[in-house]
Amino acid sequence: MHRRIGFIFIVVAIAVFFTGVVVIVQNQKNAMSDKAQRQTRPTFFPSLKNQPQAQQFKATPSPSPKNTMLSQVSPDGSMEVIARGQQNGSQITYDIQVKQKDQPEKQIFQFTIDANEAILVPFNTWSPDNKQFFLVHHTQSHDRYLVFSATGKEFETGPYLDISELYTQKEIVYPIRTVTGWAAPNLLIVATTQDQEKGPSYWFEVSSKRFYQLSSRF
Amino acid sequence: MGRKVSVPNIDLSKDTLPVVLGDQDPKPVKHIFVDLETQTLYAYEDNALFLEALVSTGRWGRTPPGEYRIWVKMRATRMAGGSGSDAYNLPNVPYVLFFFNNKVPKDRGYSIHGAYWHNNFGYEMSHGCVNMREIDAEKIYNWASPTTIKTTTYESAQDPGTPVTICKKMYREEGSLPTCIEE
């Protein structure tokens with residue numbers, strides 16, 4: 001009987017010993033695994049120390065309106081054309097206004113165009129009699145030259161005359177290089193390109209919408 | 001040239017002279033430069049730029065380069081010349097500064113002046129004169145010597161005219177006067 005009890009005790013003792021060893025080894029394994037994981041996996045809350053400010057917080061993109069203003073006075077200083085642009089997202093809206101000396105601005109037209117385009121006010125924008133002006137609509141592919149009445153009065157075909165479009169209709173082979181300015185109250189000078197050099201120049205008569213080739217090249 | 005232009009009214013009897021606020025002593029050295037290549041006029045007071053403006057000089061090289069001096073200023077005058085289809089007759093040309101030198105005498109009539117009949121500055125347009133926008137011509141007229149005392153003012157020994165240099169091509173550097181690199 002005593003022998004049997006002694007045998008059972010020894011068996012239980014051995015079992016307890018091995019169980020303890022297994023648990024300790026397993027705990028050590030787990031501990032090592034946790035350490036290894038802590039070293040490799042990304043930290044959920046990163047430390048803010050030594051981080052550049054820009055990387056700490058990502059700003060939410062929001063529309064940032066870009067405002068532009070271009071203007072040009074008439075050669076006698078009595079009139080001014082103003083182009084105010086306001087960008088909103090991928091578009092930009094230009095208000096075209098005319099200001100007569102000592103009088104409030106008058107709205108003439110409004111453009112809404114792609115933000116990568118622009119409305120430009122050339123130095124020679126005003127006709128010598130201050131009755132008309134021209135603007136440049138700059139696009140990625142080409143420039144459009146648009147004539148307006150200073151009073152905002154519409155032409156037969158619309159609020160402005162598109163010289164580029166009228167020129168294209170004439171099927172003249174030389175592409176427009178630029179519109180330089182006014183030769184007279186009703187005549188704009190259109191300069192062209194020929195073989196990558198100065199091509200013939202033309203008068204564009206606003207009233208008749210006709211082009212006249214000149215002997216000189218601007 | 002067969003074209004009629006609207007002429008601005010200028011009543012010389014009612015024309016007022018600019019108010020001179022104090023008199024600088026010693027007087028700054030004034031000099032006008034015209035760059036034919038870029039069609040630009042520069043006005044300098046000592047080495048400081050007073051005015052820069054696009055101009056229109058003579059077509060087909062009709063503005064002769066050289067060193068000149070203003071000999072008379074006129075608030076307005078009639079200009080006529082040319083022949084055939086090139087003839088012109090323009091009354092009330094405003095803010096006129098006539099210049100001359102030994103090779104280009106006074107009777108040739110070269111001048112800097114306002115132009116009301118075109119707005120194509122930055123490109124050659126004239127018969128030889130230096131055309132400016134009226135607002136720019138007014139500034140030069142009121143600034144340049146001889147000091148304006150009447151609607152027509154001649155230079156004198158006490159008040160000589162401002163020098164005018166016209167170059168085919170010009171080199172400019174900030175803080176110093178331009179120099180002709182092609183005359």
- Would you mind checking which part of B:Y116 comes under 4.5 Å of any heavy atom in chain A, side chain (CB onward), backbone (N, CA, C, O), both or neither? backbone

- In this structure, are over 12 heavy atoms from other groups packed under 6.0 Å from A:R210 atom CZ? no

- Task: Check whether A:S216 gets within reach of chain B through its side chain, its backbone, both or neither, counting any heavy atom under 4.5 Å.
- Result: both

- So, B:N120 and A:T180: side-chain donor and acceptor under 3.5 Å apart, yes or no? yes

- Query: OH/B:Y123 to OG1/A:T178 distance, rounded to the nearest 0.5 angstrom?
  - Reply: 5.0 Å

- Item | Top contributor to chain B contacts, counting heavy-atom pairs under 4.5 Å, from A:S74, A:P185, A:A184 | A:A184

- Working to the nearest 0.5 Å, report the span between OG of B:S56 and CG of A:N124. 7.5 Å

- Should A:V73 and B:I135 count as side-chain neighbours, where that means a heavy-atom distance under 4.5 Å? yes

- Note on the structure: Honestly, the part of A:L188 sitting under 4.5 Å from a heavy atom of chain B is neither

- Message: Contact between A:W126 and B:R133 at the side-chain level, heavy atoms closer than 4.5 Å - yes or no?
- Response: no

- Message: Which atoms of B:E124 are under 4.5 Å from chain A, going by heavy atoms: the side chain, the backbone, both sets, or neither?
- Response: backbone

- Task: Please examine the side chains of A:I189 and B:M125, heavy atoms only from C-beta on, and report whether any two atoms are closer than 4.5 Å.
- Result: yes

- Message: Is it the case that the side chain of B:N119 and the backbone of A:S127 share a donor-acceptor pair, with hydrogens and angles ignored and the cut-off at 3.5 Å?
- Response: no

